[in-house]
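Okay, structure first, notes after.
Protein chains get the first letters and strands the later ones, always in sequence-line order, with residue 1 at the start of each.
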Protein chains: 2
Amino acid sequence: MDQKIIVTVDVVLLTLVGERLEVLLSRREREPFAEQWALPGGYVHAVEDADSLAAARRVLREKASLTSPYLEQLYTFSGATRDPRGWSASIAYYALVSADTLRPASPAPFELWPVDELPRLCFDHARIVDGALERLRGKSAYSSLPCYLLPPAFTLTELQQTYEHVLGQKLDKSAFRRKLADFDFLEVVKDAQRTGSHRPAQLYRIREEKNLMLFDRTI
Amino acid sequence: MDQKIIVTVDVVLLTLVGERLEVLLSRREREPFAEQWALPGGYVHAVEDADSLAAARRVLREKASLTSPYLEQLYTFSGATRDPRGWSASIAYYALVSADTLRPASPAPFELWPVDELPRLCFDHARIVDGALERLRGKSAYSSLPCYLLPPAFTLTELQQTYEHVLGQKLDKSAFRRKLADFDFLEVVKDAQRTGSHRPAQLYRIREEKNLMLFDRTI
DNA sequence: TTAGTTCGTGGCAAAGTGCAACTAATATTT
DNA sequence: AAATATTAGTTGCACTTTGCCACGAACTAA
């Protein structure tokens, strides 16, 4: 080994609050940059973490009490100058959760910030957030990724609006539903409807055997 | 820092030889696994490498005398058990080059192996190769990535065949050319034709201002 | 009952795609 | 010199997919 290298994981946890994507930030407890806003993260613990995914899960568990959101490796940001302590590599992950997942812990050591009104972030964390947004938006056009921003059961209109907010464009209702039917990764939740102020809407969920679906064309 | 962590870069260099994708492998010079086949790679040098991309470039320069191929970060493979020396993280990159780029250095410390007839590889390098192939194949369906498996100037038939070999399926000639025209990232090389045993073919190159193009639909 | 709103589906014109035939340009053969 | 073979590049057309809009269905509220 050439010299000691700092290895951390950082997690970009995204959720949809109303029409806006928000990201979970926490105040750093230690130097450098103590008290400033940063992504939840920390050193990889070689004794405790089997791999970097396990480290990311641990971070989410410790900082946001989350157990199993959608979690995917994003990119590794590295270099000599991104951390004042020395040459560092941050293995970045991004996580998607429904907004209500975060409600319970209210007096929490974290806050949700809209992605287009972020405070100044430590290190290169602003770039990491940008990378996560680019990945989310790019991948959402041809995958079922936005489902993970919703609770387990949702209506087709809710799903369409989620796609619209993530992609930043309106979609056609009938074309959207035709494609959902073609791709065939949802199933109706029997006898479950979203009952509101008007005609009730059928609830759907991701079919159990399907995980993230990649489509052969755009949604 | 919790404990010392090994940080390396490994590069999956892919090229198209005839109809088959091949990957560059080299024999390891040191323990562990000395003399066995592995991806070109090595420790990140904190003093020498500005970041992991620079480290990957250095590896390619040292092991394959390559200066500027298409080079993109793939994924970071990490964990306590993938390297017998301890907890390690390999920041993996993949590179694409045209076959003729590798011809010059003939008595070289590396060999090209067809991706579906690989020898036993060290560490988890077989998984890393799989990841690179998955990325290449996935991304090729909606991007100009396969261009980088060709020399700077090429005919449209050569480009179509490259797509076909990477994607593993035949494409329609007229639809393929219509889409190339729509996406508009190629330009004719004036007065340059591939002259063979029959009708000559116009040579094209990637338009200078365009880098990797992502299409809004499949090629 | 009636009006208002959202859910869900169907029709249709326009755009995109797959298939095959056609013309063009060259080398090779006769 | 003419005919043949082969690859390059284009065109026409049927078929599929998409975008747009409207309609009926189901519920709440007045």
Side-chain angles (χ1 to χ4, degrees), chain A residues 18-19 140-144 146-147 150-151 153-165 167-205 213-219, chain B residues 18-19 140-144 146-147 150-151 153-165 167-205 213-219:
Chain A
E19 303 192 353
S140 291
Y142 62 93
S143 79
S144 60
C147 293
L150 288 169
F154 45 81
T155 70
L156 298 189
T157 300
E158 289 164 357
L159 182 59
Q160 181 176 343
Q161 289 171 342
T162 302
Y163 271 93
E164 289 174 343
H165 296 141
L167 297 174
Q169 61 174 0
K170 282 280 176 188
L171 300 175
D172 176 70
K173 181 165 64 166
S174 74
F176 182 77
R177 288 169 184 234
R178 265 180 304 208
K179 290 184 188 178
L180 288 183
D182 287 351
F183 297 143
D184 191 37
F185 66 99
L186 297 179
E187 62 183 7
V188 298
V189 183
K190 278 194 65 169
D191 304 323
Q193 299 188 320
R194 177 85 68 227
T195 158
S197 55
H198 297 291
R199 176 175 175 176
Q202 177 63 53
L203 287 174
Y204 290 80
R205 64 177 162 230
M213 279 279 292
L214 300 179
F215 312 145
D216 57 349
R217 59 188 195 278
T218 194
I219 192 77
Chain B
E19 304 191 352
S140 291
Y142 61 94
S143 79
S144 60
C147 291
L150 287 169
F154 45 81
T155 70
L156 299 189
T157 300
E158 288 164 357
L159 182 59
Q160 181 177 344
Q161 289 171 342
T162 302
Y163 271 93
E164 289 173 343
H165 296 140
L167 297 174
Q169 61 175 358
K170 282 281 176 186
L171 300 175
D172 177 69
K173 182 165 63 166
S174 73
F176 182 77
R177 288 169 184 233
R178 265 179 304 204
K179 290 184 189 177
L180 289 183
D182 287 350
F183 297 143
D184 191 39
F185 66 99
L186 297 180
E187 63 184 4
V188 297
V189 183
K190 278 194 66 170
D191 303 322
Q193 298 189 319
R194 176 84 71 228
T195 159
S197 55
H198 297 291
R199 175 174 174 176
Q202 178 63 52
L203 287 174
Y204 290 81
R205 64 175 164 233
M213 280 278 291
L214 299 180
F215 312 146
D216 57 348
R217 58 189 198 276
T218 194
I219 192 78

Taking the nucleotide of DNA chain C with the closest heavy atom to each, which residue, B:T218 or B:K173, is nearer the 5' end? B:T218

Base D:dG19 paired with A:R178 side chain (donor-acceptor, <3.5 Å): yes

Whole-Å gap separating C1' (C:dG8) and CD (A:Q202): 11 Å

What's B:K170 touching, base or sugar-phosphate or nothing? Going by heavy atoms closer than 4.0 Å. nothing

Donor-acceptor pair, distance only, cut-off 3.5 Å: does the side chain of A:Q160 make one with the backbone of A:F176? no

What I'd like to find out is whether the side chain of A:R205 reaches to under 4.5 Å of the side chain of A:E187, using heavy atoms alone. yes

Classify the side chain of B:S174 versus the base of C:dC19 as yes if they form a donor-acceptor pair under 3.5 Å and no if they do not. yes

Return yes if some donor-acceptor pair links the side-chain N/O of B:Q202 with the main-chain N/O of B:V189 below 3.5 Å, else return no. yes

Does D:dA8 have OP1 or OP2 sitting under 4.0 Å from an N or O in the side chain of B:R194? no

5′-ward residue of the pair B:A201/A:D172 relative to DNA chain D: B:A201

Could you state the CZ-C1' distance from B:R177 to C:dA24, rounded to the nearest angstrom? 13 Å

Nearest-angstrom distance from the residue atom CG of A:L171 to P of D:dG19: 9 Å

Under 3.5 Å donor-acceptor pair, A:R199 side-chain atoms to C:dC7 base atoms: yes

A side-chain contact here means heavy atoms from C-beta on lying under 4.5 Å apart; do B:Y142 and A:R217 qualify? no

Separation of B:Q193 atom CD from C:dA25 atom P, in whole Å? 10 Å

Starting at CZ of B:F215 and ending at P of C:dT17, how long is that distance when rounded to a whole Å? 12 Å

For a quick test of reading the model: is some side-chain N or O of A:T157 closer than 4.0 Å to OP1 or OP2 of C:dC7? yes

Whole-Å distance separating the CG atom of A:D216 from the P atom of C:dT17: 12 Å

I'd like to know if B:H198 reaches the base of D:dT6 with its side chain such that a donor and an acceptor end up less than 3.5 angstrom apart. yes

Could you tell me if the side chain of A:T155 sits less than 4.5 Å from the side chain of A:Y204, heavy atoms only? no

B:F176 CZ - C:dA20 C1' separation (whole Å): 19 Å

Measure the distance from CG on A:L156 to C1' on C:dG8 and round it to the nearest whole Å. 9 Å

